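Sequence positions, counted from 1, serve as the residue numbers for this chain. We count ligands from 1, going down the list as the structure has it; atoms in each ligand are counted the same way. Being a predicted model, the structure only gives us computed values, none of them experimental.
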Amino acid sequence: MNTVQSTILSIRNRINAAIQRRNQPELQHNVTLVAVSKQQPLDRIEAALLAGHKHFGENRVQEAYDKWPAFKRHFPDITLHLIGPLQTNKVEDAVALFDVIETVDRPKLAEALAKAIQKKGSTPLLYIQVNTGEEAQKAGILPRDAADFIHYCRTDLQLTISGLMCIPPANEPPAPHFALLRRLAEQHNIPLLSMGMSGDFETAVMLGSTEVRVGQALFGERQ
Ligand SMILES: *Cc1c(COP(=O)(O)O)cnc(C)c1O
């Protein structure tokens, strides 16, 4: 077993232990482990692929294009998640490569996505990123604008919104942010919740995350 493979197993075990501790009968779902491969050496990513891992996350469209088309030829059934900010001029490229786009956060971007999806005929899953900490430097729709934005995406643009995603402020306990995101998802009947990273994925799972995005705890330090 390679190192990456055994690390994936131990993270999976920690996720499963957190699932056991959820203690909320209404939470029945499993949790997807997204391996965040940004700025990681190719041999570590390859080790994860050889171990059979399927879900990967990248935060930049260009960086993803530098590595994933080649990997996808050998491992065609992987699911690639875009977890970083998306500029409107990169939307067509993103729609062509990614299976999940987690960072829909403004009307202009949603409009460009609707157009590109129609043009390309591909159907990536779309999540809305929510800036739960209302941080000026962070992407995401503000919680108070979320209802209008979700309605606009669904009704005016005919987009299916499959999930919500958040990155809590680095210097605050994450639990209230995860709870806020879950409340928003429940209010709007949105099934998927992408929350939890290397430092807080167990907390996120206990609060209802359906998908954790783990980078350095899985692959080691970024280059
Ligand atoms: C880099 C990144 C992660 C992974 O962070 P780690 O701390 O390495 O687990 C998760 N989510 C987003 C949006 C990221 O940009």
Nearest-contact summary for [atom] - protein heavy atom, Å:
atom	result
atom 10 (C) of ligand 1	M197 SD, 3.3 Å
atom 15 (O) of ligand 1	K38 NZ, 2.7 Å
atom 11 (N) of ligand 1	R213 NE, 2.9 Å
atom 13 (C) of ligand 1	I83 O, 3.3 Å

With distance as the sole criterion, is a donor-acceptor pair present between the side chains of [X] and [Y] under 3.5 Å?
X	Y	value
Q62	D66	yes
E58	H81	no
Q129	T103	no
E211	T32	no

Any atoms of ligand 1 less than 4.0 Å from a non-hydrogen atom of [X]? List them with their elements.
X	result
V214	9 (O)
Q216	6 (P), 8 (O), 9 (O)
I167	13 (C)

Answer side chain, backbone, both or neither: which part of L218 comes under 4.0 Å from ligand 1, heavy atoms only.
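It is neither part, as no heavy atom is under 4.0 Å.
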
Any N or O of G215 closer than 3.5 Å to N or O of ligand 1
yes

Say whether S198, considering both its backbone and side-chain N or O atoms, lies within less than 3.5 Å of an N or O atom on ligand 1.
yes

Looking at side-chain heavy atoms only, is the closest gap between F56 and F71 below 4.5 Å?
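Counting from C-beta outward, F56 and F71 never come under 4.5 Å.
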
I141 and V104, any side-chain heavy atoms less than 4.5 Å apart:
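The answer is no; the side chains never approach within 4.5 Å.
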
Would you say CD of E221 has more than 12 non-hydrogen atoms from neighbouring residues, nucleotides or ligands within 6.0 angstrom?
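Result for CD/E221: open.
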
Report, as yes or no, whether the 6.0 Å neighbourhood of atom NZ on K67 holds more than 12 heavy atoms from other residues, nucleotides or ligands.
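Yes - once you tally the heavy atoms of other residues, nucleotides and ligands closer than 6.0 Å, there are more than 12.
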
Can a non-hydrogen atom of E102 be found less than 4.0 Å from any atom of ligand 1?
no

